[in-house]
Amino acid sequence: MKYIKVALNLPLNQLFYYKVPPELMDRIKIGKRVIVPFKRKNLTGFVIEETKRGKPGKRLKEIIKVDDFPFLDTNLLRLGEWISDYYFCSLGQTLHFMLPIQSSLKIGKEEKIKISDSFAFFNKTQYNEAISLVEEGNFLFRPKNNEEKISFYLLLIEKIVEEKGKNVILIIPEISYIPFLKKVIRYYFPQEIAIFHSRLSLKEKYNQWLKMREGKVNLAIGTRSLIFAPFPQIGLVIIEEEENTSYKQIEAPRYHVREVAIKRREIERFPLILTTQSPSLESWYNVKKGNYKLIELSQNSRRFLVEIVDLREEKTKILSSSLEEGIKESLNKNKLMLLFINKRGFANFILCRECGGVIRCPNCNIGLTFHLGDDLVCHYCNYRTRVPRICPFCKGRELRRVGAGTQRVEREIRKKFQTARIKRVDKDAINSSSAYKKLLQDLEDKKIDILVGTQLVIKEEILKRIDLVGIVLVDTLLNLPDFRATERLFQLLTRIKGHIKERGKIIIQTYNPSHYALKAFKEGKDEDFYNEEMRIRKELDYPPYLHWIRILLEGKIKNEVEEAGKMIEEKLKKESLRFLGPSSCPFSKIRGKYRYHLILRDEDLSWIKKILDEKLKPLFTHFKGIRTTVDVEPLRTM
DNA sequence: AGCACGCCGACT
DNA sequence: GTCGGCGTGCTC
């Protein structure tokens with residue numbers, strides 16, 4: 001008799017035994033999918049193990065169907081087991097996720113893209129030394145510009161695909177990056193490239209997946225889930241913009257593509273290149289520790305100007321005199337400029353207009369959030385205080401809630417510059433791809449003088465046309481209730497700097513002109529920023545020094561959610577494990593559900609996992625009407 | 001996760 | 001007597 005252990009697509013941390021009928025016996029293989037009866041339904045599962053004996057004292061059901069070939073080879077199976085364990089997602093759910101069987105929309109048409117003549121930059125000898133360095137291991141690649149980056153990619157592709165006949169995976173943060181890269185790569189290597197992302201139809205995904213599996217293509221470009229590509233022999237994985245937060249999946253399995261790529265590299269042995277202009281603190285830390293090798297091909301020679309405007313000394317707070325001058329000059333010279341405002345719903349903190357001080361949590365150093373009823377709350381540790389009447393730093397009397405949006409800025413500059421052609425670019429104004437295409441066309445036709453935009457404009461194809469950028473109020477980014485706020489701001493500024501025109505100018509308006517991130521950015525000293533940010537992370541027990549696991553609790557009845565948080569807190573107090581909370585999340589109520597969270601932290605991730613598994617998981621099952629979500633190394637804690 | 005089982009109060 | 005509330009526990 002033959003038996004198998006099967007992983008089912010259920011949130012259960014267990015495998016189920018099944019009997020294999022004689023006629024299916026020799027078709028069973030680990031990694032194949034099977035259809036099995038479960039309760040009153042038939043479910044698809046993965047064969048994880050073959051055994052000679054069944055489960056003692058149990059009448060086992062027989063499997064119904066087996067795949068013709070294993071969908072997951074042993075390498076991908078091992079990767080799945082690691083993800084399941086690391087990210088607290090059942091093996092069955094993880095493995096089901098790794099296959100291209102999720103539903104989706106339809107495939108997009110190929111876009112027409114001009115390849116400019118500047119791509120004759122392809123200079124082989126210049127990079128020979130660096131290319132020869134790229135052997136098995138992790139690399140952090142910091143290109144100085146797009147041309148250098150693409151040249152390096154092309155040379156690597158030539159080496160890995162053309163010379164060695166191995167497969168290359170190129171992972172990009174969003175779908176819109178695909179057409180250009182595909183075009184430019186095919187220009188030099190006119191071979192078929194697999195494209196893989198969530199908007200492909202089920203059938204199309206499967207086709208692409210099969211092509212990779214059968215070795216009919218050697219190169220694939222795609223988003224996050226492409227890291228599970230079934231290539232037979234991976235020779236290189238490149239992750240573009242490694243610091244991009246879309247690389248962490250919000251739904252289960254809540255994996256980060258960088259961490260999965262590192263694990264896959266350990267299993268399958270290939271070079272992994274993480275590309276970035278402004279690395280995540282995690283990657284910076286790994287470079288310093290010698291875990292990643294740094295690749296820098298040339299020194300940055302880009303010239304640009306940064307002006308920091310101290311709003312405390314300005315009469316008008318939206319348009320300082322410097323910015324107003326800048327706009328006038330830009331209009332006179334018929335150039336395109338951008339006013340950047342991050343009007344994302346969440347920017348309320350308390351700022352002193354006289355000294356620029358922001359009321360922060362004494363424990364966590366993040367901006368305290370204003371709540372109705374005059375309370376200030378820390379969204380990590382739940383520290384509470386009343387809104388002070390006078391500034392605790394300078395005794396000033398001008399404490400203000402801060403939070404201005406694009407529409408207000410638009411109104412203000414329309415009043416001031418009545419003949420200027422102004423276009424607001426935010427989610428409200430650009431709500432379809434046709435609206436976006438119209439915007440690009442208008443930019444091409446030089447029909448716009450001033451863009452008033454949010455994160456939506458931070459794209460190479462827009463920024464490359466811009467000479468002057470005004471950051472209307474950088475403090476809204478610096479003081480978000482998230483310890484990564486400063487890191488994100490620095491990355492944003494670096495991205496803007498990297499894409500705007502040569503000799504472009506960035507005017508940053510702030511109440512905190514001496515902030516280390518602004519200072520380092522103005523002086524072009526990245527190292528200064530990273531050193532200081534690292535010091536703060538260490539001092540406050542933040543990642544990358546400590547591992548974090550976030551427990552999110554959501555439920556319709558506020559008291560019950562709060563109560564569940566307290567139960568976890570009581571349990572944790574008996575353990576030697578540091579934690580923050582329970583506290584209300586920055587977004588304290590979403591779609592009628594109240595949200596609380598706790599953050600567990602320790603140098604040793606397996607210790608947190610042990611406590612979570614042994615002490616907290618049993619508690620979770622008792623919560624009624626409460627959804628519990630465990631996020632390992634969360635990137636957002638809103 | 002679903003779904004059945006079972007133990008309790010409320011009610012035609 | 002029986003309808004339905006949801007706490008508990010199982011699914012190979």
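By convention in this document, chain letters (A, B, ...) are assigned in the order of the sequence lines, proteins followed by strands, and residues within each chain are numbered from 1. Computation of the quantities below employed the complete heavy-atom set of this structure, encompassing side-chain atoms and omitting hydrogens, waters and symmetry-equivalent molecules. Being a predicted model, the structure only gives us computed values, none of them experimental.
- Residues Phe46(A) and His96(A) place their aromatic rings such that the two centres sit under 6.0 Å apart.
- Screening Leu605(A), Ile599(A), Asp631(A) for a side-chain contact (heavy atoms from CB on, under 4.5 Å) involving Ile549(A) leaves a single residue, Leu605(A).
- Rounded to an integer number of Å, the gap from CG of Leu60(A) to C1' of dT11(C) is 12 Å.
- For DNA chain C, the residues of residues 617-630 of chain A within the heavy-atom distance limit of 4.0 Å (strictly under) are His622(A), Lys624(A), sorted by number.
- Inter-residue side-chain proximity for Arg213(A) and Leu210(A) is flagged as met; some heavy-atom pair is nearer than 4.5 Å.
- Between the NZ atom of Lys55(A) and the C1' atom of dT11(C) there is a distance of 10 Å, rounded to whole Å.
- In this structure, Phe16(A) places its CZ atom 14 Å from P of dG2(B), rounding to the nearest Å.
- In this structure, Ile63(A) atom CD1 and dT11(C) atom P are separated by 20 Å, rounded to whole Å.
- Remark: P of dC12(C) and CD of Gln14(A) are 10 Å apart, rounded to the nearest angstrom.
- When ring centroids are compared, Phe231(A) and Trp209(A) stay outside the 6.0 Å threshold.
- The CD-P distance, from Glu49(A) to dC12(C), rounds to 19 Å in whole Å.
- One interatomic measurement links the two molecules: CD of Glu62(A) to P of dC12(C), which rounds to 14 Å at whole-angstrom precision.
- Residue contacts shown for Arg40(A) are limited to sugar-phosphate atoms, with no base heavy atom under 4.0 Å away.
- As judged by a 4.0 angstrom heavy-atom cut-off over every strand, Lys61(A) is placed among residues touching the sugar-phosphate backbone only.
- Contact annotation: side chain of Lys39(A) to base of dG2(B), donor-acceptor pair present below 3.5 Å.
- The CG-P distance, from Leu10(A) to dC10(C), rounds to 16 Å in whole Å.
- Looking at heavy-atom distances under 4.0 Å, Leu12(A) makes contact with a base.
- Thr637(A) places a side-chain heavy atom less than 4.5 Å from the side chain of Arg550(A).
- Using a 4.0 Å heavy-atom cutoff across all strands shown, Phe38(A) reaches at least one base atom of the nucleic acid.
- A salt bridge does not link Lys609(A) to Glu614(A): none of the charged side-chain nitrogens sits closer than 4.0 Å to a carboxylate oxygen.
- Using a 4.0 Å cut-off between charged side-chain N and carboxylate O, Glu50(A) and Lys2(A) make a salt bridge.
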